[in-house]
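Residue indices begin at 1 and follow the sequence shown. Every value quoted in this text rests on a predicted model; they were computed, and no experiment measured them.
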Amino acid sequence: MTPEPLLKRWCAGVFAALAVALVLAQTWYRTAEVRLAGVLVDAVTSTGVHVAARRQTVYFGLGGDTPFGLRMTPECTSAFLLVPLLLVAALMVGLRPGVTGRVAVALLAAAVAVVVVNQLRVLTLVGLIGWLGTDRGYYWGHTLFGSMVSVFGGAAALVLFVALATRAAR
């Protein structure tokens with residue numbers, strides 16, 4: 001086997017290793033995710049934000065009557081939406097090394113979309129809590145609207161990945 005296909009198959013191994021690393025280091029990933037959420041929540045609110053990174057929690061509404069904390073649990077992270085994309089990318093590149101570039105670009109685009117969607121989900125929660133109050137806002141934001149954002153956003157990221165990874169070469 002020539003060096004080029006070996007290098008491309010090595011990329012398949014890197015994608016698979018990243019999937020495993022994301023599962024093993026999901027606490028670190030959630031911490032980074034909650035830090036990003038803190039920056040975004042602070043940009044769209046005016047009542048004070050605090051990020052407790054070690055607890056993967058962002059507190060907002062600190063200057064108001066109803067401060068609230070959102071904890072980024074393992075079920076709420078975008079890490080576990082990225083793992084299947086990484087594994088599919090590894091499989092695609094492992095089976096057909098000629099698609100490595102397209103798959104890598106598709107993976108990057110879909111990964112950015114998944115992260116953006118999860119942050120949009122957090123902002124939806126914050127907005128609904130601010131609008132409807134803590135009990136009703138959290139309920140509607142977490143069970144209905146937040147889930148809809150995740151499902152539709154995740155589906156859009158998957159469609160984006162498939163479209164970019166499987167398009168014909170020019």
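A pairwise comparison of heavy atoms in Arg35 and Ala53 identifies NH2-CB, 3.3 Å as the closest pair. Here the closest non-hydrogen pair linking Gly153 and Val117 is CA-CG2, 3.5 Å. Between Gly141 and Leu128, the shortest heavy-atom contact is CA-CD1, 3.5 Å. For Arg121 against Ser150, the heavy-atom pair with the smallest separation is CD-OG, 2.7 Å. In this structure, Ala37 and Val122 approach most closely via the heavy-atom pair CB-CG1, 4.1 Å. What you find for Ala109 and Leu164 is that their closest heavy atoms are CB-CD1, 3.6 Å.
Hydrophobic clustering (side-chain heavy atoms under 4.5 Å, transitive across Ile, Leu, Val, Met, Phe, Trp, Tyr) keeps Val41 apart from Leu120. No continuous path of ILVMFWY side-chain contacts below 4.5 Å connects Val149 to Val151, so the two sit in separate hydrophobic clusters. Residues Leu81 and Val112 are members of separate hydrophobic clusters, defined by side-chain heavy-atom contacts under 4.5 angstrom among Ile, Leu, Val, Met, Phe, Trp and Tyr. Under the 4.5 Å side-chain contact rule for hydrophobic residues, Val39 and Val34 do not share a cluster.
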Do Leu85 and Val114 pass the side-chain contact (heavy atoms from CB on, under 4.5 Å) test, and can you show the C-alpha distance, the side-chain angles, and the key distance before you say yes or no? CA-CA 10 Å; Leu85 290 172; Val114 164; 4.1 Å; yes

Kindly indicate, with the supporting measurements, whether the criterion side-chain contact (heavy atoms from CB on, under 4.5 Å) is fulfilled by Leu107 and Phe161. CA-CA 6 Å; Leu107 179 61; Phe161 175 78; 4.1 Å; yes

Verdict with supporting geometry, Leu86 and Val20, side-chain contact (heavy atoms from CB on, under 4.5 Å): CA-CA 9 Å; Leu86 285 161; Val20 170; over 6 Å; no

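Side-chain contact check for Leu62 versus Thr47: every heavy-atom pair is 4.5 Å or farther apart. Side-chain contact between Thr66 and Ile129 is absent, with no heavy atoms from C-beta onward closer than 4.5 Å. Within the 4.5 Å cutoff, side-chain heavy atoms of Val126 are placed close to those of Thr45. In this structure, Thr31 and Arg54 have side chains that are not in contact, with every pair of non-hydrogen atoms separated by 4.5 Å or more. Between Phe15 and Val93, the closest side-chain pair of non-hydrogen atoms falls below 4.5 Å. Annotation: side chain of Met92 is in contact with side chain of Thr166 (closest heavy-atom distance under 4.5 Å). Residues Leu125 and Leu70 form a side-chain contact, since some pair of their non-hydrogen atoms from C-beta on lies under 4.5 Å apart.
Side-chain contact check for Thr77 and Gln26: no donor-acceptor pair (N or O, by modelled atom type) lies under 3.5 Å. For the residue pair Thr143/Tyr138, the side-chain donor-acceptor check at 3.5 Å is not satisfied.
In this structure a side-chain-to-backbone donor-acceptor pair under 3.5 Å is missing from Gln56 to Met72. Checking side-chain atoms of Asn118 against main-chain N and O of Cys76 turns up a donor-acceptor pair under 3.5 Å. With Arg71 contributing its side chain and Arg55 its backbone, the two residues share a donor-acceptor pair below 3.5 Å.
Expressed to the nearest 0.5 Å, how far CG of Leu18 lies from CG of Leu82 amounts to 10.0 Å. Leu22 contributes atom CG, which lies 7.5 Å from atom OG of Ser78 (distance to the nearest 0.5 angstrom). Taken from CZ in Arg30 to CZ in Phe80, the straight-line distance is 8.0 Å, to the nearest 0.5 Å.
Taking the six-membered ring where tryptophan is involved, the planes of Phe60 and Phe68 are tilted, since the angle between them lies from 30° to 60°.
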